[in-house]
Amino acid sequence: MRKAEYFSKDFDWDELRVQVENDPSFSYHLLPFQPNPISISLADEAHYAAAGSHAWNAFHHRHASGKFFKERRYLLEEFPELVNYKENSKVLEVGCGNGSTVLPILRGNENIIVYACDCSNEALERVKETVYACNKVSFEHRFHPFCCDFSVTTFPTWLACNPCQENIAQTQQLCFSDGRGKSQKNLNDSYSLSESRCCIGGVDFVTLIFTLSALPLHRMPESIKECFSVLKPGGLLFFRDYGLYDMSMLRFEMDKRVGFREYMRSDGTRSYFFCLDTVRNLFVGAGFTELELEYCCVKSVNRRNGKSMRRVWVHGKFQKPV
């Protein structure tokens, strides 16, 4: 397994782990989780889908100015394939938010086509504003946003490979509806990818950047399989998300726990904190081959109070076998 070149090692994660696990004030983070009636009710499929979309719509509405986010330009260094890949390559950005990942990709590779989805219509409005404000015609031609909650629906069938797209177009006009829900039923019936024996995936890359952690743990395996299904053989999935014992995890109070290493904020949005073994098991279990997987440990200083903050993220690169 090749070691990744582009992420910080400001401190040792194992040293942080020892400190956290020996600090009595953090002991509740380590305890087994006992489900309560509230967490059980949230497991209801329809209720979760509606509550999740509503929470993220409200979140993006509160942060509509965009000042909450910054362009993630570092991703082009950590995942250089996004810059150097062949002409007309396609990337699916899952959970695009306001475009902090989409925009650097569009800037970094003038030949890349970006499909960007989010469960929040509010987020999609923000990302379109962000991209169109650049006043670059090429961006608009290469940028295709759509609404999709990949934790409860399949990706749209039009993300299939080119031969499948042509067959779908002959049977029904392309649409931007969800796949696993009823709205996509006729399209799937008219052209089933599983029955066609043609489709081998349609995109070269999938990016999951601070997206998977927003899902309940029990929904992650099927969601990752969805990502696997739309990748071409040999395609790459780029992953970055919250790591175990990140500063934001340690700030959660006990009553915010909704699972083991799972928390819910007061606004209804969720956050899971990954260890490397969990990430490995999820992606390898979905069929991926692990190429890179490590903690990214960054120490930053709060300019207002001078306090040092230790951030932990997980960096991963996975490939769909050829």
Side-chain angles (χ1 to χ4, degrees), residues 56 60 66 69-150 153-162 164-165 174-179 199-212 214 223-224 226-232 234-241 316-320:
W56 284 108
H60 287 288
F69 297 94
K70 296 182 182 297
E71 281 190 45
R72 295 169 173 147
R73 298 186 180 95
Y74 59 83
L75 293 176
L76 301 184
E77 295 183 326
E78 297 195 0
F79 306 120
E81 294 88 348
L82 290 170
V83 180
N84 303 324
Y85 207 65
K86 62 186 179 183
E87 185 175 355
N88 294 325
S89 56
K90 300 175 182 177
V91 58
L92 171 62
E93 160 70 352
V94 182
C96 62
N98 76 333
S100 53
T101 298
V102 168
L103 199 54
I105 295 174
L106 289 170
R107 294 188 197 276
N109 188 339
E110 63 182 11
N111 296 313
I112 204 164
I113 298 168
V114 178
Y115 297 96
C117 71
D118 203 286
C119 69
S120 165
N121 286 308
E122 188 76 25
L124 292 173
E125 290 303 312
R126 301 287 82 74
V127 69
K128 286 188 284 187
E129 289 175 3
T130 299
V131 172
Y132 298 155
C134 296
N135 292 320
K136 289 185 177 291
V137 175
S138 65
F139 283 10
E140 297 182 22
H141 289 167
R142 295 186 287 117
F143 171 62
H144 307 286
F146 63 98
C147 188
C148 179
D149 183 348
F150 80 132
T153 68
T154 59
F155 287 120
T157 316
W158 47 262
L159 277 175
C161 63
N162 289 334
C164 289
Q165 287 180 341
L174 297 180
C175 64
F176 282 5
S177 60
D178 288 334
C199 185
I200 56 174
V203 300
D204 302 282
F205 307 109
V206 171
T207 56
L208 273 177
I209 310 299
F210 296 103
T211 296
L212 196 64
S223 299
I224 295 172
E226 276 301 301
C227 296
F228 185 91
S229 71
V230 297
L231 270 172
K232 297 176 183 177
L236 297 174
L237 184 146
F238 303 128
F239 177 79
R240 189 179 181 94
D241 219 318
K317 184 183 295 184
F318 301 90
Q319 187 171 39
K320 182 174 183 175

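The basis for the numbers below is simple: all heavy atoms, side chains too, and nothing from hydrogens, waters or symmetry mates. Start at 1 with the first residue, then count along the sequence.
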Backbone N/O of [Y] and side chain of [X]: donor-acceptor pair under 3.5 Å:
| X | Y | answer |
| --- | --- | --- |
| Lys320 | Phe228 | yes |
| Ser89 | Asp204 | no |
| Asp118 | Cys96 | yes |
| Arg142 | Ile112 | yes |

Note to self: Would Asn88 and Asn111 count as a side chain to side chain contact (heavy atoms under 4.5 Å, CB included) here? Give the steps.
What the structure shows: CA-CA 5 Å; Asn88 294 325; Asn111 296 313; 5.5 Å; no
Check: Got a sec: does the CD of Glu110 have more than 12 other heavy atoms crowding it under 6.0 Å?
Finding: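 No.
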Nearest 0.5 Å, what's the [atom1]-[atom2] distance between [X] and [Y]?
| X | Y | atom1 | atom2 | result |
| --- | --- | --- | --- | --- |
| Thr101 | Leu106 | OG1 | CG | 11.0 Å |
| Asn109 | Asn84 | CG | CG | 8.0 Å |
| Ile224 | Phe239 | CD1 | CZ | 7.5 Å |
| Cys147 | Glu125 | SG | CD | 10.5 Å |
| Leu124 | Cys148 | CG | SG | 10.0 Å |

[X]: which of [options] passes side chain to side chain contact (heavy atoms under 4.5 Å, CB included):
| X | options | result |
| --- | --- | --- |
| Arg240 | Ile209, Thr207, Leu212 | Ile209 |
| Val114 | Leu92, Ile105, Leu82 | Ile105 |
| Phe139 | Val102, Thr130, Leu103 | Leu103 |

Heavy-atom distance under 4.5 Å between the side chains of [X] and [Y], does that happen here?
| X | Y | result |
| --- | --- | --- |
| Ile113 | Val91 | no |
| Pro104 | Tyr74 | no |
| Val127 | Phe143 | yes |

Ignoring hydrogens, what is the shortest heavy-atom contact between [X] and [Y]? Give both atom names and the distance.
| X | Y | value |
| --- | --- | --- |
| Gly202 | Lys232 | O-CE, 3.4 Å |
| Lys317 | Pro80 | NZ-CD, 4.5 Å |
| Gln319 | Gly234 | NE2-O, 3.0 Å |
| Tyr115 | Lys90 | CE1-CD, 4.0 Å |
| Thr153 | Glu226 | O-CG, 4.3 Å |

Next item on the list: Check the angle between the aromatic planes of Phe205 and Phe238 and answer parallel, tilted or perpendicular using the 30° and 60° thresholds.
Entry: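 Because their plane-to-plane angle is under 30°, the rings of Phe205 and Phe238 count as parallel.
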Next item on the list: Report the relative orientation of the aromatic rings in Phe146 and Trp158; use parallel for angles under 30°, tilted for 30 to 60°, perpendicular for over 60°.
Entry: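 Phe146 vs Trp158 ring planes: perpendicular.
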Item checked: Audit row: Thr211, Phe150, side chain to side chain contact (heavy atoms under 4.5 Å, CB included) steps and yes/no -> CA-CA 10 Å; Thr211 296; Phe150 80 132; 4.0 Å; yes
Note to self: The test is side chain to side chain contact (heavy atoms under 4.5 Å, CB included); show your working for Val94 and Phe155 and say whether it passes.
What the structure shows: CA-CA 10 Å; Val94 182; Phe155 287 120; 3.9 Å; yes
